[in-house]
Protein chains: 2
Amino acid sequence: MSRSSDLAALAALLADDTRARFCLALLDGRAWTASELAAHATVAASTASEHLGRLIGGGLLVERRQGRHRYVQLAGPREAELIEGLVAHLEPRGQRPATLRTSRAAEALARGRTCYDHLAGRLGVALTDALTDRGLLDRTAGFALTTAGVEWLTGPLAVAPEDLRGRRPLAKECLDWTERRSHLAGLAGARLCERLLARGWVKRIGTQRAVTVTPEGTDALRLLLDLDPASLS
Amino acid sequence: MSRSSDLAALAALLADDTRARFCLALLDGRAWTASELAAHATVAASTASEHLGRLIGGGLLVERRQGRHRYVQLAGPREAELIEGLVAHLEPRGQRPATLRTSRAAEALARGRTCYDHLAGRLGVALTDALTDRGLLDRTAGFALTTAGVEWLTGPLAVAPEDLRGRRPLAKECLDWTERRSHLAGLAGARLCERLLARGWVKRIGTQRAVTVTPEGTDALRLLLDLDPASLS
DNA sequence: TCGACGCTTCGGTCGCCGCCGAAGCGTCGC
DNA sequence: GCGACGCTTCGGCGGCGACCGAAGCGTCGA
């Protein structure tokens, strides 16, 4: 099996609209059941079953059985990153999609959402910009958290230092497809999202990926990051 | 046209072995003719013609006519990055592929090669590690060139400062699929490759992507980066 | 216990896509 | 000018994959 056929096989996993829909839905970082995905993509249960078999066999998804329910989710951050990279590539640089403004659901996603395990959309970008402005994130020569940035996470955000160590990079740039700018991914991005949700400063809207800043969160972020609430609307 | 069908269409561009071979070949950053690619992938000219039409129509490649010759190349660094990301995903982390050691061509690629417009393989990784060891590249909190790193490029390497400015990030991490570690991409990676080739410190082997360090280059890199020649074999 | 439910496998259908050789057009070099 | 060459388009063929309903199995809850 050669590299080109491996590449073609990997691409083929996503080269079907139904499977692409599944993977985009699973970018919310949660586990979905087979029938939820079937309903979401409006296909028969048998079709969903076969597609999931291919995605799991190909390594993009993992599954867990709970009685008659089969829960599937993205296999990990690497897989999420792969899909996000493809999605980011779809949009020309430097321009927001005009068509995305036409629906309320899309507007909510643009305002704030989870992107696998970190925050994205206007919220994600605003947070990333604020971190940059306050010297907690250095983007002049690459994309890296500063010493002060690490301290900010372990200090006011109470992230455990060991939670910032692992095989994943601490800071990773993730191009935001609604905002056309970068938001913070990597360990730091994941922990930030986790803490903001845990503190109730950010909460989920509905069952999809959309999130919003709570009033307490607006105050806290203004205090901690000089984050202007107007930058979130 | 929805996001999922856009994603599926993009993935479909690479979900064919022949097209995948084309794109992998074009990762050398050069322009190939249609018949060169047809020969490389061992398909008929008519097949190549159709596949190239799809890749160009899909935006991954661009073409240029010179008389009867049609030169095609990757549309840009974003497209190269997309393909590299997929290729990098193919390999499990933390292990070198044993099968790649079985052929001389593969060995040359592992030693050193171009990865679109920057250096990869053992050479690329060794350079990246040396830059890190000397405090020119900071990888503790992300992936960023240090101030000293920028000065090193504009100083001893004589990169024009304006060549380090542009829409592309200065430093970008590119996972090396032969070494399983990162090498430097982005503007800095491209300029480094360019200067090393221009100075004759690195030269191409054959017509593919393989490169090697010249004796003058070995001396210069030992002087400038304490780069141990043994780390290149 | 029994019917509902979630999921899987099977068989059949249909559309799509990659492949090729042939024919044709334009460029190139002798 | 002419034959070789690079490339494109066309028509035909065969294989593959997505889709579905039906049948079947195991789990769940009243």
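Quick note: numbers below take in every heavy atom, side chains included, and nothing from hydrogens, waters or symmetry partners. A, B, ... follow the sequence lines: proteins, then strands. Residue 1 opens every chain.
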Scan nucleotides 10-15 of chain C against the protein and return all N/O pairs shorter than 3.5 Å with their distances rounded to 0.1 Å.
residue	atom	partner	partner atom	Å
C/dC10	N4	A/Glu50	OE2	3.2

[X] [atom1] to [N] [atom2], straight-line distance once rounded to whole Å:
X	N	atom1	atom2	result
A/Arg21	D/dA18	CZ	P	15 Å
B/Leu37	D/dT8	CG	P	12 Å
B/Leu13	C/dC17	CG	C1'	13 Å
B/Phe22	C/dC19	CZ	C1'	12 Å
B/Leu52	D/dT9	CG	C1'	15 Å

Angle by which the axis turns from one end of the helix from C/dT1-D/dA30 to C/dC30-D/dG1 to the other, five pairs per end, to 10 degrees: 30°

Could you work out, with salt bridge (charged side-chain N to carboxylate O under 4.0 Å, His left out) as the rule, every residue matching [X], not counting sequence neighbours?
X	value
A/Arg165	none
B/Asp117	B/Arg168
B/Arg64	none
B/Glu81	B/Lys172

Using modelled atom types only, decide if a donor and an acceptor are shared between the side chain of [X] and the backbone of [Y] within a distance under 3.5 Å.
X	Y	value
A/Arg113	A/Ala120	no
A/Glu50	A/Thr47	no
B/Thr214	B/Gly200	yes
A/Thr128	A/Gly124	yes

Residues touching DNA chain D, which here means a heavy atom under 4.0 Å, drawn from residues 58-70 of chain A: A/Gly67, A/Arg68

Enumerate donor-acceptor pairs with a distance under 3.5 Å from any side-chain N or O in residues 189-199 of chain A to protein atoms, sequence neighbours excluded.
residue	atom	partner	partner atom	Å
A/Arg191	NE	A/Asp163	O	2.8
A/Arg191	NH1	A/Glu194	OE1	3.0
A/Arg195	NE	A/Leu157	O	3.0
A/Arg199	NH1	A/Pro156	O	3.1
A/Arg199	NH2	A/Pro156	O	3.4

With B/Asp17 via side-chain hydrogen bond (donor to acceptor under 3.5 Å, both in side chains) - residues at least two apart: A/Ser4, B/Arg21

Results of side-chain hydrogen bond (donor to acceptor under 3.5 Å, both in side chains) for B/His118 - residues two or more places apart only: B/His183

Short side-chain N/O contact to C/dC7 OP1/OP2 from A/Ser35, under 4.0 Å: yes

Salt-bridge present (B/Asp129, B/Arg122; N to O < 4.0 Å): no

Where at least one partner belongs to residues 43-62 of chain A, residue pairs that pass ring-ring contact (aromatic ring centres under 6.0 Å, His included), sequence neighbours excluded: none

Sugar-phosphate, base or nothing in reach of B/Ala45, heavy atoms under 4.0 Å: base

Which pairs, protein N/O on one side and nucleotides 14-17 of chain D N/O on the other, fall under 3.5 Å?
none

